[in-house]
There are 2 protein chains.
Amino acid sequence: MSARSAVQPNPQRPSSVRQIAEIVGVSIATVSRALNAPHQVTPATRNRILEAASRVGYRPSPLGRNLVVGRSHLVGLIVPNIGFPLYGLMARSVEDILEPLGLRALLASSDDDNDREVEAAQSLLRHAVDGGIVINSRASASLPSGPRYPWIHLSPEAAGLSGAVELDNVAGGRLAGQHLLSLGRRRLAHVAGEGREGDDREAGFLEALRDHPLEAVGRAVGDYSEQTGRISTRAILERVGRDGLDGLFLASDIMAAGALRELREAGLRVPEDVAVIGFDDAEFAGLLTPPLTTVRQPAKAMGAAAARLLLQSYTLESSETLSNQPVLFAPELVVRGSSVAAHHS
Amino acid sequence: MSARSAVQPNPQRPSSVRQIAEIVGVSIATVSRALNAPHQVTPATRNRILEAASRVGYRPSPLGRNLVVGRSHLVGLIVPNIGFPLYGLMARSVEDILEPLGLRALLASSDDDNDREVEAAQSLLRHAVDGGIVINSRASASLPSGPRYPWIHLSPEAAGLSGAVELDNVAGGRLAGQHLLSLGRRRLAHVAGEGREGDDREAGFLEALRDHPLEAVGRAVGDYSEQTGRISTRAILERVGRDGLDGLFLASDIMAAGALRELREAGLRVPEDVAVIGFDDAEFAGLLTPPLTTVRQPAKAMGAAAARLLLQSYTLESSETLSNQPVLFAPELVVRGSSVAAHHS
DNA sequence: CTGAAAGCGCTAACAT
DNA sequence: ATGTTAGCGCTTTCAG
């Protein structure tokens, strides 16, 4: 079946420079110039070419063009999971920076898996991306690279790599600690997260606590799920007793959501009995009961910074290289009802 | 650091079939065959070629290949905003279906804007995507298309288009209505959402209510924000009085979050005084207080269905065409504490 | 200002 | 089984 042929020399195939050249009666070189360097062509012929082009609905083929110029205008974007809001936000702002320059993001999910990430990078390379951004890399070092394939790293473990954007997690933990202290809380506890991020947040938290006369400091570790937020909180409560806790910092908002629930069920009031503070400032943080105080991770700004870094490396001489100093982002404290009783509202 | 050069004649330019052909002493055609149709080549030479290829770190250029085969193995993915969790989930599952087939998603955000969407589609086409999926299209009809550029629509307004995946919003509204009725609630109200989606959800809701002796039915319209959820709830309360409401359905979970807050501040208990039900089953629905009963939108399944539809159109004869019947997805009721008092837990 | 010609990297007949 | 040849759509010298 089908339009296999017979009608036109080529019914299916989109119009090409050659077709236009024939219509107008010029060479394909002139057509190319009229399109890419208009001032190099006599207005008269240029117009005839442009007119013919729009008449046949001409679309330049990026395939042909890319082949000769050697760039695809594609940028790889490796993300643990684009379905996670935080990563989605970062991806979005990467896109916003790239788009005005005619660059498009090619997506790949790594699921936080070392091997999948390397595979993704290779796959993207096979699609001829001009460069790439990798969020929360697990395999930074082993990513296939080269002068023509700059990878920008947007993650906590990128230390020492040539193009990196990081959140200052230590500062974030410090912020949380200082906030609880400033509230007069002295029986504190922390539910840490896994990995480098979690370690840094905890380090900052403890640093803020140092030299303060605390009555107690509890600790547990979670995996950034609501579940472990609850369980860890319960465990801490059992250890220190209902009166042994008046300030709780968790390494993520999701865990904090679990903590809020657990505390409520234990009959403790937030923030009166215990002030709670999370990390990330996820979309839902302000919707919880009470609204969650948290340490905000500037996802959009970080995504934008990574994109700009990539752009910058585009214009570099091949001998030059990006700074080894990561671009560090400062987190920000967002105070809500889980740490300070609502004034009114 | 690193292998800046000196090793190869050409430090910068990646290796090509030609280079390998020269090294091994065969024609470039044989190299191509050894790579793409191994069995057409003598094991001996094949091995020498493969060995040489890996030695020089050969990576086939997709640009050259695509140019001749006429496909880019790129799929466009137009999304209102990849930063929205629901869309992120859909994107992720599209990716999961596409990846095993060597297809990659090229991302573009439309911000729910008609013009931006058309621009995005054109931009993707310029990047030679083989086809595309457009989520929540505002401009379905005016998207540049053709037999070689199948667009699959994943949205409520795609009716009548050739490849479409839709959520049965009417059924969703009905589910919500039936649930409230089954709970014995008779003083109901609805906070509708804008657009076709909102209309359908409301239509289904009202349909379920028909023929039931209701004491009152309130109504307001919101724009899917927490703000308008609150305001609408307040307005309804003012209109019908504190005792005039015992069941509230909102067209989105975010609005429902606002409603929960408003009801609490009005001193009404959920679910005892009023049962609340949202729509979407967003990530945070289960984290609210009380956990939100909602109508679940099967985002992952819908994304996967759209991807499969696209794949299907890949293999179609050019005269064939996809069904005009949209693939309809049934929403699912998720009962939580906002409509039924917790048994225990 | 314009045309002719070469070539980007690869595949696909068509020969051998 | 392998080589030859042509050409995908486009840009870019190099001449004129």
Subject >> Minimum-distance pair of heavy atoms, taken over all atoms of B:Ala52 and B:Ile20 >> reply: CB-CG2, 4.2 Å

Original post:
Where each residue is assigned the nucleotide of DNA chain D containing its nearest heavy atom, which of B:Gly25 and A:Pro60 is assigned the position nearer the 5′ end?
Top reply: B:Gly25

[X] [atom1] to [N] [atom2], straight-line distance once rounded to whole Å:
X	N	atom1	atom2	value
A:His73	D:dC10	NE2	C1'	13 Å
A:Arg71	D:dT11	CZ	P	16 Å
B:Arg59	C:dC8	CZ	P	21 Å
A:Gln19	D:dG7	CD	P	18 Å

Closest approach to the side chain of [X], judged atom by atom: which nucleotide of [options] is it?
X	options	answer
B:Thr30	C:dT2, C:dG9, D:dT2	D:dT2
B:Ala29	D:dT4, D:dG9, C:dT2	D:dT4
B:Leu67	D:dC10, D:dC8, C:dC8	D:dC8
A:Val69	D:dT11, C:dG9, D:dC10	D:dT11
A:Ile28	D:dC10, D:dG9, C:dC10	D:dC10

Original post:
If we only count heavy atoms from C-beta on, is the A:Ile82 to B:Ile82 side-chain gap below 4.5 Å?
Top reply: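 Counting from C-beta outward, A:Ile82 and B:Ile82 do come under 4.5 Å.
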
Original post:
With side chains defined as the heavy atoms from C-beta onward, is the minimum distance between A:Leu98 and A:Glu95 less than 4.5 Å?
Top reply: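 Result no, sub-4.5 Å side-chain heavy-atom pair not found.
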
Original post:
So what does B:Pro62 hit on the nucleic acid, given a heavy-atom distance under 4.0 Å: a base, only sugar-phosphate, or nothing?
Top reply: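 No contact.
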
**OP:** Identify whether any heavy atom of A:Ser32 sits under 4.0 Å from a base atom; if not, whether one sits that close to sugar-phosphate; answer base, sugar-phosphate or nothing.
**Re:**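 Base, at least one base atom sits under 4.0 Å.
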
Original post:
Any side-chain donor paired with an acceptor under 3.5 Å for A:Ser123 and B:Arg104?
Top reply: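 On atom types as modelled, these side chains qualify, holding a pair under 3.5 Å.
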
Subject >> A:Ser109 and A:Asn81 side chains, donor-acceptor separation under 3.5 Å >> reply: no

Original post:
By a strict heavy-atom criterion of less than 4.0 Å, which residues belonging to residues 33-40 of chain B are in contact with DNA chain D?
Top reply: B:Arg33, B:Gln40

Is the shortest side-chain N/O distance from [X] to OP1 or OP2 of [N] below 4.0 Å?
X	N	result
A:Ser27	C:dG3	yes
A:Arg65	D:dG9	no
A:Arg18	D:dC8	yes
B:Thr42	D:dT2	yes

Original post:
Is A:Arg92 paired with B:Asp111 through a side-chain N to carboxylate O contact shorter than 4.0 Å?
Top reply: yes

Original post:
Taking only residues two or more places apart in sequence, or in another chain, which ones meet B:Val327 in a side chain to side chain contact (heavy atoms under 4.5 Å, CB included)?
Top reply: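 If we apply the side chain to side chain contact (heavy atoms under 4.5 Å, CB included) test to B:Val327, skipping adjacent residues, the hits are B:Val165, B:Leu309, B:Phe329.
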
